[in-house]
Protein chains: 2
Amino acid sequence: MPPKLSRRQQDILEFIQAFMEEHQFPPTVRDIQAGCEISSTSVVDYNLHKLQQNNFLKRLPEVSRGIELIGEGLRGSKRDIISIPIMGNIAAGEPLHVPDAPTTADEGYDEVDLPASMTGGAQNVFALRVKGESMIDALVADGDLVLLEPTTEVSNGDMVAAWLNDEEETTLKRFYIEGDMVRLQPANSTMQPIRVPASNVSVRGRVVGVFRTL
Amino acid sequence: MPPKLSRRQQDILEFIQAFMEEHQFPPTVRDIQAGCEISSTSVVDYNLHKLQQNNFLKRLPEVSRGIELIGEGLRGSKRDIISIPIMGNIAAGEPLHVPDAPTTADEGYDEVDLPASMTGGAQNVFALRVKGESMIDALVADGDLVLLEPTTEVSNGDMVAAWLNDEEETTLKRFYIEGDMVRLQPANSTMQPIRVPASNVSVRGRVVGVFRTL
DNA sequence: GTTGACACAGCACATATGGTCTGATAACTT
DNA sequence: AAGTTATCAGACCATATGTGCTGTGTCAAC
């Protein structure tokens with residue numbers, strides 16, 4: 001695998017990205033030729049073929065402008081948008097439904113579109129709509145959208161969605177292990193942390209974002 | 001002005017949107033012909049021309065797949081992404097810099113890309129990065145991104161960014177006029193509102209969104 | 001030196017694709 | 001009913017555009 005692109009291939013890739021931001025369609029071979037000051041269309045074809053082999057783009061044969069950026073080629077492009085399913089509500093006292101199946105942005109759920117960069121690279125992100133004022137110590141209001149990455153393994157200091165077995169409550173807090181106990185620290189620094197036995201806490205996911213529209 | 005689209009024009013528009021989500025480029029006249037079961041390319045051309053007149057799309061003559069969705073035509077499409085400039089910081093005690101010039105998403109500023117739907121249709125939206133904990137009664141934390149629509153005319157109940165002349169502070173609160181006084185109500189319902197003379201308040205913009213990534 | 005892979009140049013060809021011209025039908029006006 | 005406009009059909013043309021063929025210079029391996 002030649003992970004390195006030639007100067008010309010980089011130029012071509014950047015030109016395609018720029019072109020697609022300006023227009024809403026990919027350039028032709030001859031557009032690229034002119035834009036990158038290449039003397040022959042066959043050179044463009046040759047390098048496009050290389051870029052395709054290295055999985056930066058996909059070409060549809062015999063199709064004009066049949067170029068689709070994929071994988072690495074999308075990096076930095078505005079097309080780098082993902083659809084995040086809104087899988088339900090989150091509220092104190094309600095069990096938190098976390099998707100077990102591979103979180104495909106399927107039908108059946110509402111969705112939000114966001115730039116992939118805003119999820120911090122997390123995979124399988126899903127969203128929940130906050131109901132009620134119970135998350136206010138996490139600086140989350142009624143109607144907010146919480147982005148969660150499903151995981152049970154979290155590090156100290158992560159903001160997590162945790163289910164408290166005894167209290168039968170879902171809560172959003174920063175998570176710290178302290179021996180057999182877990183300290184849950186509200187995001188609002190004026191409020192006090194709570195300490196509970198580790199056995200009383202099950203982490204459902206890591207919070208990667210909070211969104212509020214008014 | 002838009003006298004309403006014919007059935008066929010709606011079909012074509014929807015087909016183009018669907019096609020552009022599947023591929024990364026617009027369909028050809030003949031793609032549309034096949035996709036909408038139209039008998040002649042001239043019919044497609046005719047209706048495309050109409051759609052262009054009604055400002056749903058733009059066509060580039062002599063260019064294959066030279067279709068760009070604009071305005072209404074973008075509605076519901078994933079392309080409906082806008083770049084919002086991050087124009088600086090917002091913190092208590094700091095004067096709030098509101099763009100006076102036409103807020104073009106120019107160079108010189110960092111940007112966030114968001115679906116246009118998330119700004120609630122507001123125009124000229126810009127963003128500010130929150131510094132410090134002083135906005136905590138608006139459920140806004142250090143590092144959050146606040147989306148603002150520049151305006152001085154707000155309705156009762158709007159969340160606004162207000163500058164308090166005497167206190168020399170910027171604050172985010174819900175805004176209510178009460179005679180000569182203005183009541184500024186924190187978003188956090190556990191906290192008390194403040195009342196100040198209307199002359200002490202200058203509204204700098206309406207808050208349309210709050211975003212936090214962790 | 002010969003060989004051969006690699007990147008490039010130039011050209012020519014086939015077809016993919018937008019546009020046009022001529023009428024036909026339906027819908028609407030007066 | 002006659003005229004006018006909007007929409008559609010089918011054929012045809014011009015060109016926009018992907019692709020193949022041949023050749024050239026470079027460079028490293030043998």
Side-chain angles (χ1 to χ4, degrees), chain A residues 1-20 22-70 73, chain B residues 1-20 22-70 73:
Chain A
M1 280 255 168
K4 181 114 166 71
L5 289 181
S6 83
R7 179 87 190 115
R8 195 154 256 184
Q9 282 151 23
Q10 249 178 282
D11 279 357
I12 291 179
L13 194 57
E14 281 168 25
F15 177 80
I16 296 175
Q17 288 171 350
F19 190 99
M20 290 188 69
E22 186 176 345
H23 312 85
Q24 280 170 35
F25 45 79
T28 66
V29 170
R30 282 168 182 81
D31 288 334
I32 300 172
Q33 183 190 358
C36 298
E37 291 173 323
I38 296 173
S39 58
S40 171
T41 61
S42 66
V43 177
V44 178
D45 186 67
Y46 173 80
N47 284 290
L48 281 179
H49 188 67
K50 291 293 182 150
L51 283 168
Q52 187 176 22
Q53 285 181 332
N54 290 30
N55 246 277
F56 287 85
L57 48 83
K58 204 175 112 193
R59 293 186 78 188
L60 282 75
E62 327 270 291
V63 170
S64 74
R65 301 173 193 273
I67 297 174
E68 293 182 19
L69 297 179
I70 56 177
Chain B
M1 195 179 318
K4 187 170 178 281
L5 292 181
S6 81
R7 179 89 193 113
R8 194 153 258 185
Q9 281 151 23
Q10 251 179 281
D11 279 356
I12 291 179
L13 194 56
E14 283 169 25
F15 177 81
I16 296 175
Q17 288 171 350
F19 189 100
M20 290 188 69
E22 187 176 345
H23 311 86
Q24 280 171 37
F25 44 79
T28 67
V29 170
R30 282 169 181 79
D31 288 334
I32 299 171
Q33 184 190 357
C36 298
E37 291 173 324
I38 297 173
S39 59
S40 170
T41 62
S42 68
V43 177
V44 178
D45 187 67
Y46 172 80
N47 285 291
L48 244 31
H49 188 68
K50 289 295 182 148
L51 283 168
Q52 187 177 21
Q53 284 183 332
N54 291 29
N55 246 275
F56 286 85
L57 49 82
K58 204 174 113 193
R59 293 186 77 188
L60 282 75
E62 326 268 291
V63 170
S64 74
R65 302 173 192 273
I67 297 175
E68 293 181 21
L69 295 180
I70 56 177

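Within every chain, numbering begins at 1; the chains are lettered A, B, ... in the order of the sequence lines, protein sequences first and strands thereafter. Please read these numbers as outputs of a predicted model, since none were measured by experiment.
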(request) Report the C-alpha distance between Asp11(A) and Ile32(A) in whole Å, list the side-chain angles of each, state the deciding distance to 0.1 Å, and finish with yes or no for side chain to side chain contact (heavy atoms under 4.5 Å, CB included). (result) CA-CA 9 Å; Asp11(A) 279 357; Ile32(A) 300 172; over 6 Å; no
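The footprint of chain A on DNA chain D, defined by a heavy-atom cutoff below 4.0 Å, extends from dT17(D) to dG20(D).
Atom NE2 of His49(B) and atom P of dG19(C) are 11 Å apart (whole Å). As a whole-Å value, the separation of Asn54(A) CG from dC6(C) C1' is 14 Å.
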Would you tabulate the pairs of protein nitrogen or oxygen atoms and nucleotide nitrogen or oxygen atoms of nucleotides 23-25 of chain C closer than 3.5 angstrom?
none

Enumerate the protein-to-nucleotides 16-18 of chain C contacts in which both atoms are nitrogen or oxygen and the separation is below 3.5 Å.
| residue | atom | partner | partner atom | Å |
| --- | --- | --- | --- | --- |
| dT17(C) | OP1 | Ser64(A) | N | 3.2 |
| dT17(C) | OP1 | Ser64(A) | OG | 3.1 |
| dT17(C) | OP1 | Arg65(B) | NH2 | 2.6 |
| dG18(C) | OP1 | Arg65(B) | N | 3.0 |
| dG18(C) | OP2 | Val29(B) | N | 2.7 |
| dG18(C) | N7 | Arg30(B) | NH1 | 2.9 |
| dG18(C) | O6 | Arg30(B) | NH2 | 2.9 |

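When each of Leu51(B), Thr28(B), Val29(B), Leu48(B) is paired with Ile67(B), the side chain to side chain contact (heavy atoms under 4.5 Å, CB included) condition holds for Leu48(B) and for no other.
For the pair Tyr46(A) and dC8(C), the criterion of a side-chain N or O lying under 4.0 Å from OP1 or OP2 is not met. Side-chain N/O atoms of Lys50(A) include none lying less than 4.0 angstrom from OP1 or OP2 on dC6(C).
Taking CG of Leu5(A) as the start and CD1 of Ile12(A) as the end, the distance is 10.0 Å to the nearest 0.5 Å. Summarising the geometry, atom CD belonging to Gln10(A) is positioned 11.5 Å from atom SG belonging to Cys36(A); distances are rounded to the nearest 0.5 Å.
Over its full length, the helix from dG1(C)-dC30(D) to dT30(C)-dA1(D) turns its helical axis through 10°, comparing axes from the five pairs at each end and rounding to 10°.
Among residues two or more places apart in sequence or in another chain, the side chain to side chain donor-acceptor pair (under 3.5 Å) test is passed with Ser6(B) by none. Gln9(B) meets the side chain to side chain donor-acceptor pair (under 3.5 Å) test with Asn47(B); sequence neighbours excluded. For Gln33(A), there are no side chain to side chain donor-acceptor pair (under 3.5 Å) partners two or more places apart in sequence or in a different chain. The side chain to side chain contact (heavy atoms under 4.5 Å, CB included) test applied to Ser39(A) returns no partner, not counting sequence neighbours.
Nearest heavy atom pair, residue Gly35(B) against residue Phe15(B), reads CA-CE1, 3.6 Å. Among all heavy-atom pairs drawn from Pro26(B) and Phe25(A), the shortest one is CD-CB, 3.2 Å.
Across all strands, Ser42(A) comes closer than 4.0 Å to base atoms (heavy-atom distances). Using a 4.0 Å heavy-atom cutoff across all strands shown, Ser40(B) reaches at least one base atom of the nucleic acid.
Between Ile38(B) and Tyr46(B) there is no side-chain heavy-atom pair separated by less than 4.5 Å.
For the salt bridge (charged side-chain N to carboxylate O under 4.0 Å, His left out) condition, the pairs that include at least one residue of residues 41-61 of chain A, sequence neighbours left out, are Asp45(A)-Arg59(A). Sequence neighbours left out, the pairs with a member in residues 28-40 of chain A that pass salt bridge (charged side-chain N to carboxylate O under 4.0 Å, His left out) are Asp31(A)-Arg65(A).
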